[in-house]
Amino acid sequence: MVHEGTGLWHAAGFNVSRWLMVIIHGYRVTSLILSILLNVLVPTEYHTSTVTAEIVSGNVNTLDSSTSPTTTTTTTTTTTTARGTSTATTTTTNPTRTRSPTTTTTTTTMLRPLDDELHPTLPMTFATENSTTISAQSGSTALLPCVVHNLGDGVVSWIKRKTVQELLTVGMITYANDERFQAIHFHHSEDWTLQIKYVQGRDAGLYQCQVSTHPPTSIFLYLEVVGIRFEEKKSPISFVDYDRI
């Protein structure tokens, strides 16, 4: 009885193992068939991503003997102006193989202090002597000179000195009510002459040439008007401004 039971167990185990093998092989065949069908029916696309990194460094030692040699060109440009000196340095690296040239530009500007830009100014001076007397015949044109050196931004004015001072001209503008007075000045000239047309006896007197410095600076000129009195000798007479006496 024991031997018969054992034989039955062995027969049953053999049958179970055989069925398990059949199931396993059937699963493998089914998986293979499904894989083939998926590859045929559903195409698969593979995306390849390539990342290229380039590191540019200067004066770096490397053990790779295949590194391409490079040529470095340095150009320095110096520009000097009234404000200062500007230096531009351009460095160009040209590899001898495939890589693009690399250019580096460095600009250095050296500014001068503001005091260096201001040129030393010479003091303003009069070339016309102070207390000069000008004589003019009655009815003629009188010219009172006023030569100013290093005028700069100053303005020349003419003033008639009498009991009440009268402003005649400022620069080239006439302020006198009498159109006979006019300032004459030519470009790049240092002469600011006061012109009086058709001189009359009342024009005699003291005139002031003033420059708008701080404080104002002036010189004085005296106009003497000479008239003709028709007498036997026709001797000239002078018109005197009694306001000056």
Side-chain angles (χ1 to χ4, degrees), residues 80-84 111-245:
T80 302
T81 62
R83 185 67 183 86
L111 299 179
R112 298 178 181 175
L114 293 177
D115 294 341
D116 294 345
E117 296 181 3
L118 301 177
H119 300 287
T121 56
L122 297 176
M124 188 279 303
T125 56
F126 287 99
T128 302
E129 186 177 355
N130 190 24
S131 300
T132 300
T133 299
I134 304 296
S135 297
Q137 186 175 345
S138 178
S140 66
T141 299
L143 299 176
L144 281 65
C146 183
V147 180
V148 183
H149 293 320
N150 307 315
L151 178 61
D153 296 331
V155 179
V156 178
S157 302
W158 278 99
I159 302 170
K160 174 68 181 297
R161 298 299 297 263
K162 52 185 180 179
T163 304
V164 178
Q165 297 185 12
E166 180 183 1
L167 179 63
L168 302 177
T169 63
V170 177
M172 299 295 295
I173 303 175
T174 300
Y175 285 89
N177 294 327
D178 194 338
E179 296 179 355
R180 297 181 302 119
F181 294 90
Q182 181 183 3
I184 299 177
H185 172 72
F186 298 99
H187 191 54
H188 297 306
S189 171
E190 297 180 328
D191 189 2
W192 296 80
T193 296
L194 177 64
Q195 174 182 272
I196 307 174
K197 296 180 180 180
Y198 312 111
V199 175
Q200 302 174 11
R202 58 188 175 89
D203 297 329
L206 193 64
Y207 290 81
Q208 177 182 358
C209 177
Q210 183 184 84
V211 177
S212 60
T213 55
H214 301 283
T217 308
S218 303
I219 60 171
F220 298 89
L221 291 85
Y222 185 78
L223 174 63
E224 181 183 40
V225 180
V226 178
I228 301 295
R229 182 168 54 187
F230 292 93
E231 296 178 349
E232 295 180 359
K233 297 183 180 179
K234 295 183 180 180
S235 59
I237 60 175
S238 298
F239 296 95
V240 179
D241 184 5
Y242 291 96
D243 293 337
R244 188 186 178 199
I245 302 176

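Because only heavy atoms are used, hydrogens play no part in the values below, and waters and symmetry mates are left out as well, while side chains stay in.
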Handout entry: Residues Cys209, Leu194; criterion side-chain contact (heavy atoms from CB on, under 4.5 Å); working and verdict
Key = CA-CA 9 Å; Cys209 177; Leu194 177 64; over 6 Å; no
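- If you take SG on Cys146 and CD on Gln208, they are separated by 10.0 Å, rounding to the nearest 0.5 Å.
- Of all heavy-atom pairs spanning Ala176 and Glu166, the tightest one is CB-OE2, 4.0 Å.
- Under the 3.5 Å distance criterion, with hydrogens and angles disregarded, a donor-acceptor pair is assigned to the side chains of Ser135 and Glu224.
- Trp158 places a side-chain N or O within donor-acceptor distance of the main-chain N or O of Trp192, the cut-off being under 3.5 Å.
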Handout entry: Trace of the side-chain contact (heavy atoms from CB on, under 4.5 Å) decision for Val148 with Phe126
Key = CA-CA 5 Å; Val148 183; Phe126 287 99; 3.8 Å; yes
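- Closest approach of Thr128 to Val147, counting heavy atoms only: OG1-N, 2.8 Å.
- In terms of modelled atom types and a separation under 3.5 Å, the side chain of Ser212 and the main chain of Val155 share a donor-acceptor contact.
- Under the 3.5 Å distance criterion, the side-chain polar atoms of Asn150 are matched with a main-chain donor or acceptor of Pro123.
- For Ser189 and Asp191, the side-chain atoms include no donor-acceptor pair closer than 3.5 Å.
- In this structure, CE in Met172 is found 6.5 Å from CD in Gln182, a value given to the nearest 0.5 Å.
- The number of heavy-atom neighbours closer than 6.0 Å to CD of Glu179, taken from other residues, nucleotides and ligands shown, is 12 or below.
- Ring pair Phe181/Tyr207 is tilted by interplanar angle, where 30° to 60° counts as tilted.
- For the residue pair Ala127 and His149, the shortest heavy atom distance occurs at CB-NE2, 3.3 Å.
- Between atom OG1 of residue Thr169 and atom CD1 of residue Ile184 there is a gap of 10.5 Å, rounded to the nearest 0.5 Å.
- Of all heavy-atom pairs between Leu223 and Leu144, the closest is CD1-CD1, 4.2 Å.
- Residues Met124 and Thr213 approach most closely at CE-CG2, 3.9 Å, considering heavy atoms.
- The distance from the CZ atom of Phe220 to the CD atom of Gln210 is 8.0 Å, given to the nearest 0.5 Å.
- Atoms CG and CD1, on Leu168 and Ile196 in that order, are 7.5 Å from each other to the nearest 0.5 Å.
- When every heavy atom of Pro145 is checked against every heavy atom of Leu221, the shortest pair comes out as O-CD2, 3.3 Å.
- With hydrogens and angles disregarded, a donor-acceptor distance shorter than 3.5 Å links the side chain of Arg180 to the backbone of Tyr198.
- Enclosure of atom CG in Asp153 is not indicated, since only 12 or fewer non-hydrogen atoms of other residues, nucleotides or ligands lie within 6.0 angstrom.
- Note that CG of Leu206 is 12.5 Å distant from NZ of Lys162, once rounded to the nearest 0.5 Å.
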